[in-house]
Student: 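I'd like to ask you about the structure that follows.
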2 protein chains.
Amino acid sequence: MSMPADEPAGDAQDSPSASTIAYRTISEAILVGTYAEGQFLDESGLARSVGTSRTPVREALRRLHAERYVDLVPRRGAQVRVITATEMQEIYETRLVIESAALTKICRQRRGAPAGVEQTLADMEEAGAAQDWFTFARLDQRFHQSLVEHGANRVLADLYQALRPRHIRLAVRTITEGPHRRETIEREHREIVAALEAHDAATAVQVLNQHLTAVPELMRAFSH
Amino acid sequence: MSMPADEPAGDAQDSPSASTIAYRTISEAILVGTYAEGQFLDESGLARSVGTSRTPVREALRRLHAERYVDLVPRRGAQVRVITATEMQEIYETRLVIESAALTKICRQRRGAPAGVEQTLADMEEAGAAQDWFTFARLDQRFHQSLVEHGANRVLADLYQALRPRHIRLAVRTITEGPHRRETIEREHREIVAALEAHDAATAVQVLNQHLTAVPELMRAFSH
DNA sequence: GGTGTGCACGTTGTATACACACTGCACACG
DNA sequence: CGTGTGCAGTGTGTATACAACGTGCACACC
């Protein structure tokens with residue numbers, strides 16, 4: 001299924017070095033849920049299953065630590081990070097802060113919606129109709145990402161992107177397994193775009209607020 | 001001088017492992033300016049000067065890359081990152097977004113200024129009077145940090161902290177070498193605190209805006 | 001004289017070997 | 001029977017050895 005299609009900001013298009021292979025393999029396994037939360041990862045075992053030595057695996061684990069996939073306990077190793085409901089709520093609160101800033105700036109500069117957003121929304125509706133929730137979720141990410149890229153500066157956009165691996169797994173679950181909020185999501189997206197076109201920051205932010213508040217509440221229901 | 005007093009959030013109090021030593025040594029050297037911007041760092045050379053083998057040095061470099069101290073060019077090595085005036089401005093814009101969110105939330109919840117802030121400001125004024133600009137700069141960091149810790153959630157506070165190494169060097173230079181804005185800085189800090197105590201978000205944010213806008217303009221003057 | 005090719009050197013990327021710390025269990029002692 | 005200590009096993013932390021790639025210079029050829 002390959003969820004983390006593009007690399008989390010940093011080294012452009014890195015060659016398929018062993019270290020990169022290890023990073024992709026392990027991160028994907030964590031996202032897919034191969035390793036349980038709280039589980040300790042064995043470097044030698046990972047090395048075997050990835051097909052390299054321990055060195056690239058260690059580098060991958062350090063990177064995964066920087067991206068909050070795992071915790072690093074000295075002399076114990078890497079532990080798959082447990083994401084609490086509280087943290088998930090904080091992540092969405094943070095998203096709200098960053099995306100609001102982006103929307104506000106877009107409106108203040110009267111720039112309208114980002115290019116290509118129409119296509120993204122159309123694709124989303126198609127995926128929704130086909131009940132292809134993985135694609136739906138990825139396009140949702142793309143929509144929000146494009147808002148931030150359009151409105152925020154590079155530095156802020158990088159911070160936003162760093163947030164993604166921290167909630168993507170549960171986000172997919174929510175969309176996939178939850179009560180199908182498809183219509184709500186699509187409507188709110190379109191309302192945000194409309195507000196941007198009208199340079200109406202207040203409305204855009206308000207809809208976004210509502211949009212981003214709903215999700216962690218749903219998630220809370222799931223995590224029990 | 002030891003600028004990066006506390007560790008950039010993550011592994012609590014890690015034992016003085018070789019890897020940590022390497023990280024501290026190299027990051028400090030970069031902050032102090034031992035290595036020129038754009039310079040490539042030689043792993044073997046660093047290993048010799050740190051007193052370890054290449055392995056811990058490599059891990060340190062990866063971490064420094066994650067924190068944007070260096071760029072990692074495949075097959076070429078680690079390059080001390082060049083911080084442009086544009087990026088510096090973006091960093092301050094980002095700080096403004098995060099700190100504003102923190103101030104707003106503090107006011108909305110009518111919590112007043114963070115505990116200990118009075119002491120920090122007093123220490124700052126003392127350092128300012130003694131023309132100890134390094135201490136002054138560090139306390140300035142602490143002041144802003146405490147605002148964010150007080151108002152923002154853990155996740156957002158972590159993002160904020162990740163920003164610090166990216167501007168701390170120039171920030172120190174600006175305070176140290178610039179026209180002494182001491183009174184201005186101290187006054188604005190006190191105005192922000194007063195606004196917090198009065199639960200007046202609008203004023204707090206407005207003063208902060210002015211406070212954070214001034215710095216990158218000064219920096220721009222320096223970088224030429 | 002300019003340009004292209006080939007070789008030698010240096011550096012990164014990876015593998016492997018070794019040292020040391022931690023964990024858990026077993027056994028002895030109170 | 002409970003508790004503390006010792007020991008073996010396992011896995012991380014570090015060092016070192018090797019391989020592969022990229023760079024720059026020199027020399028030859030056009």
Side-chain angles (χ1 to χ4, degrees), chain A residues 7-8 10-27 29-30 34-81, chain B residues 7-8 10-27 29-30 34-81:
Chain A
E7 289 282 278
D11 15 37
Q13 89 281 33
D14 34 14
S15 59
S17 65
S19 177
T20 305
I21 305 285
Y23 170 78
R24 295 215 185 109
T25 308
I26 300 171
S27 65
I30 290 177
T34 306
Y35 307 120
E37 291 191 336
Q39 178 179 347
F40 276 94
L41 303 178
D42 175 52
E43 293 182 358
S44 307
L46 290 176
R48 263 194 308 278
S49 77
V50 173
T52 67
S53 77
R54 273 179 57 212
T55 308
V57 168
R58 277 181 70 85
E59 297 205 342
L61 289 176
R62 300 308 158 116
R63 184 167 168 187
L64 291 169
H65 170 63
E67 293 168 5
R68 298 284 192 273
Y69 280 86
V70 300
D71 282 334
L72 244 43
V73 184
R75 286 269 163 211
R76 289 285 316 267
Q79 183 177 206
V80 178
R81 195 125 189 291
Chain B
E7 289 283 276
D11 15 37
Q13 90 280 35
D14 34 14
S15 59
S17 65
S19 178
T20 306
I21 304 286
Y23 169 78
R24 295 215 185 107
T25 308
I26 300 171
S27 65
I30 291 177
T34 306
Y35 307 120
E37 291 191 337
Q39 177 179 346
F40 276 94
L41 302 178
D42 173 54
E43 291 182 0
S44 306
L46 290 175
R48 262 194 308 277
S49 76
V50 173
T52 68
S53 75
R54 274 179 55 212
T55 308
V57 168
R58 278 181 70 85
E59 296 205 344
L61 289 177
R62 299 310 158 114
R63 183 167 167 188
L64 291 169
H65 171 63
E67 292 168 4
R68 298 284 193 272
Y69 281 85
V70 301
D71 282 335
L72 244 43
V73 184
R75 286 276 165 205
R76 288 286 315 268
Q79 184 177 205
V80 178
R81 195 127 187 289

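Below, chains carry the letters A, B, ... as their sequence lines are ordered, and counting in each starts from 1.
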Student: Give a yes or no answer on whether the side chain of A:Thr25 reaches the backbone of A:Ile21 with a donor-acceptor pair at less than 3.5 Å.
Tutor: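 Answer holds: yes.
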Student: Just checking, is any N or O donor in the side chain of A:Tyr35 or A:Gln79 under 3.5 Å from an acceptor N or O on the other one?
Tutor: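 No, no side-chain donor-acceptor contact under 3.5 Å.
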Student: CG of A:Asp71 versus C1' of D:dT12: gap in Å, rounded?
Tutor: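 Rounding to the nearest Å, CG of A:Asp71 and C1' of D:dT12 are 16 Å apart.
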Student: May I have the distance from A:Leu46 (atom CG) to C:dA15 (atom P), rounded to whole angstrom?
Tutor: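 About 14 Å, once rounded to whole Å.
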Student: Reading DNA chain C from 5' onward, which residue's closest nucleotide shows up sooner: A:Arg75 or A:Thr52?
Tutor: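 Taking each residue's closest nucleotide, the earlier one in sequence belongs to A:Thr52.
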Student: Give B:Arg48 one of three labels, base, sugar-phosphate or nothing, depending on what nucleic acid heavy atoms sit under 4.0 Å from its own.
Tutor: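 Touches nothing.
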Student: Report which part of the nucleic acid A:Leu41 touches: base, sugar-phosphate, or nothing (heavy-atom distance under 4.0 Å, all strands).
Tutor: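 Sugar-phosphate, backbone atoms only, no base.
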Student: Within a strict 4.5 Å, meaning less than it, do heavy atoms of the B:Ile26 and B:Val70 side chains meet?
Tutor: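 Side-chain contact under 4.5 Å: no.
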Student: Rounded to the nearest Å, what distance is computed from the CZ atom of residue B:Arg58 to the C1' atom of nucleotide C:dT12?
Tutor: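 The distance from CZ of B:Arg58 to C1' of C:dT12 comes to 6 Å, rounded to the nearest Å.
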Student: Please give, in whole Å, the distance from D:dT14 C1' to B:Arg54 CZ?
Tutor: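 Going from CZ in B:Arg54 over to C1' in D:dT14 covers 13 Å.
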Student: D:dC21 P sits how many Å from B:Phe40 CZ, rounded?
Tutor: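 In whole Å, D:dC21 P and B:Phe40 CZ are 19 Å from each other.
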Student: Is the NZ or CZ atom of A:Arg76 positioned over A:Phe40's six-membered ring, under 6.0 angstrom from the centre and within 45° of the axis?
Tutor: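 Yes.
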Student: Consider the side chain of B:Ala18, meaning its heavy atoms from C-beta on, and name the nucleotide among D:dT14, C:dT14, C:dG13 that approaches it most closely.
Tutor: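 For B:Ala18, the side-chain atoms sit closest to D:dT14.
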Student: Within this structure, what is the CD-to-P distance between B:Glu59 and D:dT12, rounded to whole angstrom?
Tutor: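 Going from B:Glu59 (CD) to D:dT12 (P), I get 12 Å.
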Student: Rounding to an integer number of Å, can you tell me how far B:Gln79 CD sits from D:dG22 C1'?
Tutor: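 Value for this atom pair: 15 Å.
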Student: Take B:Thr55 and B:Glu43, find for each the nucleotide of DNA chain C with the closest heavy atom, and name the residue whose nucleotide sits nearer the 5' end.
Tutor: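 Nearer the 5' end of the strand: B:Glu43.
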Student: Between C1' on C:dG13 and NE2 on B:His65, what's the gap in Å once rounded to a whole number?
Tutor: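 One finds 16 Å between C1' of C:dG13 and NE2 of B:His65, rounded.
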Student: Has the side chain of B:Arg76 got a donor or acceptor that lies under 3.5 Å from a partner of the other kind on the base of C:dG10?
Tutor: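 No, no donor-acceptor pair under 3.5 Å.
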Student: May I ask you to test the B:Glu37-B:Arg81 pair for a side-chain heavy-atom distance under 4.5 Å?
Tutor: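 Sidechains of B:Arg81 and B:Glu37: no contact.
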